[in-house]
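What you see is a predicted model, and the numbers here were worked out from it, not measured in a lab.
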Amino acid sequence: MIEFPKPTVEQFFRSYVISNFTVSPDEDKLLFSSNLNGKMNVWAMNLPETFPYLFAHQDESSNFLKFDPKGRYVLAGFDRDGDENYQIYSVAPEGGLPQELITGESNEKYFYAHLTEDGKRLYYMTSKDNPNFLNARVRDLESGQDKLVNEGEQGPTYLAAVSEDEQSLVFTQTFANTYSVAFVTINGEKHYLTPDPKQVHVCGGATFVGEEAIYFVTDFDSNYRYVAKFDLNTKSFKKVLEIENESVGDLKYDKDRQQFFIVTEKGVTDKLYRYDLVNGTLESIEAPVDVIEKVQVAKSGNVYVLGRSAVIPHNIFKYNEANVWKQLTANRVLGVSPDDMVDPEVVSYQSYDGMEIESLLFRAKPENDNGYTIFWPHGGPQSAERKFFRAMFQCFLNRGYSIFCPNFRGSSGYGSEYVKLVEQDWGEGPRLDCVHGVQWLFDQGISNPEKLFLVGGSYGGYMALLLHGRHAEYFKAVVDIFGVSNLFTFVNSVPDHWKPIMERWLGDPERDKERFEKDSPVTYLDGMEKPMLVIQGAKDPRVVKEESDQIVEKLRNQGRDVDYLVLDDEGHGFSKKENEIKVYQTMLDFLEKHQ
């Protein structure tokens, strides 16, 4: 009988990414940003048909998509080869080549904020003239008149919501990932949405409901984010909805039915709810995916969701008023069914101080198991490894590698206090959590030092370098993907609008010199004795190429075994399919070489 070989690495990476989407006001067209043809472009489907076609050809990543309410144009934001300096473009209603609308110099950023209901005025954020704190502006799309709305100060300041009459605007002011306050300006008068803006908390998801209230998400006086209300008449704050041990993430308003669709985060999964403002009822909705990345509510009441699960790549789903889900996109792994992939176990272990560390354990199927395990510290660091699809994971699992992913202190999904534990402590508590995770793997008989590889990207790359330098005896070989190598150089090289938040996030390099030295991987070059592969995007704006250059140069000068792969046309990630395939094939070859 005909026999077929195992799926190749290329098959897994022919699954595509959907990074954003939008639905037209009449729901006859769905647009989504995807690398369906190998590079990021905007694709369309004429609903109810689900055959995708190229809508806007730009070969670049898009950070937003927005239909004109009157159907005259589409707005989109594009960067250049992953540099994250997004600019705003317009596209004809039937698609085509995007044309520049609000753009500037290559180092300037322009972010979409709000489009009025008549489609005539576009509010946006820009780094021009204020690179650290950002300015809000409004452009009249008929006259071309452009005026300043707000100058950011003290922390990066973003326009979050605009009232229907455009007399009230909500802004968020960010001092750290865990400290962002919100205020509303009413005819120029400023009012904070929470009682004490000096208390560390976060605010987001602001939505005007009628002329009297702003609903938003906050963790003010709480360990978990909840829905709150600011009364525009009395200027008062009120808690509206708390869900025990879950943090509200996204909040989408259905104006015609006076209800919110709410996404909450709990550990490694998300939940979806419908909240009725009239009668105060909360209804749980069983979502088709474990992690929800975007929600859009149409005027009809239909809800569109972008999400993924560990064995389901990015897909878009529609939820109708009959409470039925329909999958609109058919993104799947070429020639591989979900049954052939691995859903992770959720496990926990105790760290050095007794803290429980929830983790994901992907076990290679017995018929594929090669006996080796990959230890994966996630990026962020104020993020988490969750039950979502990673082509890299499923490919490596198919090749026999098990994968262990600890959500060390500082990870999101476990309450505000847990997230804050990594602030000004990048290299002690989280590192020891990882060390105890490694020891747990050994104690459980899952792995041993001759069978454990260390792989991480971004903050995970930093942690991979730090663990390599301080605990090389635990690992067989190491892969660092655009990881921070030197905290002194990193703190000065981040994007300008990140710099105001670095104090609370990481610290001050002069005041905290001793800790910066202790927590910088370059301090431990002598310990980096295992073979290493370093991967870097040349245009990475977050962890610049010099971070990888310096660690590679220093180790090579000491005669160490270091492979170095630089992608000239990528930033902080891999948006081009051929680059992605090249990266992970290189990783597979490296791991196989060092088995």
Side-chain angles (χ1 to χ4, degrees), residues 58 60-64 66 75-90 98-116 120-163 166-177 179-192 197 203-204 206 490-505 539-544 571-572:
Q58 185 77 0
E60 299 290 359
S61 295
S62 176
N63 70 331
F64 86 93
K66 180 68 178 179
L75 299 178
F78 298 103
D79 73 347
R80 300 179 181 89
D81 290 333
D83 65 5
E84 299 183 18
N85 293 325
Y86 289 97
Q87 318 263 306
I88 299 174
Y89 291 74
S90 60
Q99 64 182 23
E100 294 182 356
L101 180 64
I102 300 178
T103 62
E105 299 297 324
S106 61
N107 64 337
E108 293 174 355
K109 304 175 191 293
Y110 296 84
F111 301 128
Y112 168 83
H114 175 78
L115 183 65
T116 56
K120 294 181 179 180
R121 288 172 300 286
L122 171 63
Y123 288 81
Y124 66 95
M125 307 299 307
T126 179
S127 65
K128 184 179 180 181
D129 302 325
N130 195 358
N132 289 124
F133 306 129
L134 307 178
N135 287 338
R137 303 186 65 87
V138 61
R139 170 77 57 91
D140 187 305
L141 298 179
E142 291 185 330
S143 68
Q145 181 182 1
D146 197 292
K147 68 177 183 179
L148 181 68
V149 174
N150 183 75
E151 283 191 65
E153 57 183 6
Q154 295 181 316
T157 306
Y158 299 88
L159 178 59
V162 179
S163 64
E166 299 176 72
Q167 298 305 302
S168 301
L169 292 84
V170 177
F171 295 89
T172 58
Q173 191 174 38
T174 303
F175 304 106
N177 291 339
Y179 186 14
S180 61
V181 299
F183 61 87
V184 59
T185 59
I186 305 173
N187 296 320
E189 188 176 335
K190 182 176 178 179
H191 303 274
Y192 285 97
C203 294
F490 170 69
V491 75
N492 292 314
S493 65
V494 296
D496 287 335
H497 67 295
W498 282 27
K499 289 177 180 176
I501 73 172
M502 296 305 290
E503 161 68 24
R504 181 174 291 273
W505 199 32
K539 295 190 175 182
D540 190 336
R542 306 185 191 188
V543 181
V544 298
H572 200 70

Student: Please assess Leu122 against Ile88 for the test side-chain contact (heavy atoms from CB on, under 4.5 Å), listing each intermediate value before the final yes or no.
Tutor: CA-CA 10 Å; Leu122 171 63; Ile88 299 174; 4.2 Å; yes
Student: Please identify each residue that fulfils ring pair (Phe, Tyr, Trp, His ring centres under 6.0 Å) with Tyr179, with sequence neighbours left out.
Tutor: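 Testing Tyr179 for ring pair (Phe, Tyr, Trp, His ring centres under 6.0 Å), a comparison that skips the adjacent residues, returns Phe175.
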Student: Answer whether the closest heavy-atom distance between the side chains of Leu148 and Asn135 falls below 4.5 Å.
Tutor: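 The answer is yes, as the side chains (C-beta and beyond) meet within the 4.5 Å cut-off.
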Student: For Glu153, what residues pass the salt bridge (charged side-chain N to carboxylate O under 4.0 Å, His left out) criterion, not counting sequence neighbours?
Tutor: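 Not a single residue meets the salt bridge (charged side-chain N to carboxylate O under 4.0 Å, His left out) criterion with Glu153.
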Student: Please round to the nearest 0.5 Å and tell me the distance separating atom CG of Asn187 and atom OG of Ser168.
Tutor: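 Reported to 0.5 Å precision, the distance equals 6.5 Å.
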Student: Using the ring pair (Phe, Tyr, Trp, His ring centres under 6.0 Å) criterion, which residues pair with Tyr112? Sequence neighbours excluded.
Tutor: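 Residues passing ring pair (Phe, Tyr, Trp, His ring centres under 6.0 Å) with Tyr112: Phe64.
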Student: State which residues pass side-chain hydrogen bond (donor to acceptor under 3.5 Å, both in side chains) with His572; sequence neighbours excluded, sorted by chain then number.
Tutor: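 Expected list: Ser458, Asp540.
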Student: With sequence neighbours left out, which residue pairs that include part of residues 494-504 fulfil the salt bridge (Lys or Arg N to Asp or Glu O under 4.0 Å) condition?
Tutor: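 Counting only pairs at least two positions apart or across chains, the salt bridge (Lys or Arg N to Asp or Glu O under 4.0 Å) contacts touching residues 494-504 are Asp496-Lys499, Glu503-Arg511.
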Student: How far apart are the C-alpha atoms of Thr157 and Leu134, what are their side-chain angles, what is the distance that settles it, and do they pass the side-chain contact (heavy atoms from CB on, under 4.5 Å) test?
Tutor: CA-CA 6 Å; Thr157 306; Leu134 307 178; 5.8 Å; no
Student: According to side-chain hydrogen bond (donor to acceptor under 3.5 Å, both in side chains), who are the partners of Glu151, at least two apart in sequence or on a separate chain?
Tutor: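 For Glu151, no residue satisfies side-chain hydrogen bond (donor to acceptor under 3.5 Å, both in side chains) once neighbours in sequence are set aside.
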Student: Do you know the tightest heavy-atom contact between Pro541 and Gly82?
Tutor: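 Minimum heavy-atom separation between Pro541 and Gly82: CD-O, 3.5 Å.
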Student: Among residues at least two apart in sequence or on other chains, which ones pass side-chain hydrogen bond (donor to acceptor under 3.5 Å, both in side chains) with Ser163?
Tutor: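 Only Asp165 meet the side-chain hydrogen bond (donor to acceptor under 3.5 Å, both in side chains) criterion with Ser163.
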Student: What orientation do Tyr158 and Phe111 show, parallel under 30°, tilted 30 to 60°, or perpendicular over 60°?
Tutor: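 Ring orientation, 0 to 90° scale: tilted.
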Student: Of all residues at least two apart in sequence or in a different chain, which pass the ring pair (Phe, Tyr, Trp, His ring centres under 6.0 Å) check with Phe171?
Tutor: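 Phe171 satisfies ring pair (Phe, Tyr, Trp, His ring centres under 6.0 Å) with Phe183 once adjacent residues are dropped.
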Student: Show the nearest heavy-atom pair for residues Tyr86 and Ser62, with the distance to one decimal.
Tutor: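 Of all heavy-atom pairs spanning Tyr86 and Ser62, the closest is CE2-C, 4.3 Å.
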Student: What pairs of donor and acceptor atoms, side-chain ones from residues 100-107 against any protein atom, are under 3.5 angstrom apart with sequence neighbours left out?
Tutor:
unit_1: Glu100; atom_1: OE1; unit_2: Thr103; atom_2: OG1; d: 3.2

Student: Going by heavy atoms in the side chains, are Leu169 and Asn150 under 4.5 Å from each other?
Tutor: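 No, every pair of side-chain atoms sits at 4.5 Å or beyond.
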Student: Under a 4.5 Å cut-off applied to non-hydrogen side-chain atoms, are Pro156 and Ile501 in contact?
Tutor: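 Yes - at least one pair of side-chain heavy atoms lies under 4.5 Å apart.
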Student: Should Tyr124 and Arg137 count as side-chain neighbours, where that means a heavy-atom distance under 4.5 Å?
Tutor: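 Touching, per the 4.5 Å side-chain cut-off.
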Student: If you look at every heavy atom in Met125 and Leu159, which pair is closest and at what distance?
Tutor: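 Looks like SD-N, 3.2 Å.
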Student: In chain order, what residues pass the salt bridge (charged side-chain N to carboxylate O under 4.0 Å, His left out) check against Arg121, with sequence neighbours excluded?
Tutor: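 By the salt bridge (charged side-chain N to carboxylate O under 4.0 Å, His left out) rule, Arg121 matches Asp118, Glu166.
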Student: Report the residues that fulfil salt bridge (charged side-chain N to carboxylate O under 4.0 Å, His left out) with Asp81, sequence neighbours left out, ordered by chain and then residue number.
Tutor: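 Listed in chain order: Lys539, Lys576.
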Student: Nearest heavy-atom pair of Pro500 and Gly155: which atoms, and what distance?
Tutor: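 In terms of heavy atoms, the two residues are closest at CB-CA, 4.4 Å.
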Student: Hey, could you give me the NZ/CG distance between Lys120 and Leu141, rounded to the nearest 0.5 Å?
Tutor: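 So the gap between those two atoms works out to 10.5 Å.
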Student: Please identify each residue that fulfils side-chain hydrogen bond (donor to acceptor under 3.5 Å, both in side chains) with Gln58, with sequence neighbours left out.
Tutor: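 In terms of side-chain hydrogen bond (donor to acceptor under 3.5 Å, both in side chains), with neighbours along the sequence ignored, Gln58 is linked to no residue.
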Student: Do Ser180 side-chain atoms and Gln173 backbone N/O form a donor-acceptor pair below 3.5 Å?
Tutor: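 Absent.
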Student: Are the side chain of Gln87 and the backbone of Glu108 linked by a donor-acceptor contact shorter than 3.5 Å?
Tutor: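 Present.
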Student: Do any N or O atoms from the side chain of Thr185 and from the backbone of Lys190 form a donor-acceptor pair under 3.5 angstrom?
Tutor: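 Judged by distance alone, no pair lies under 3.5 Å.
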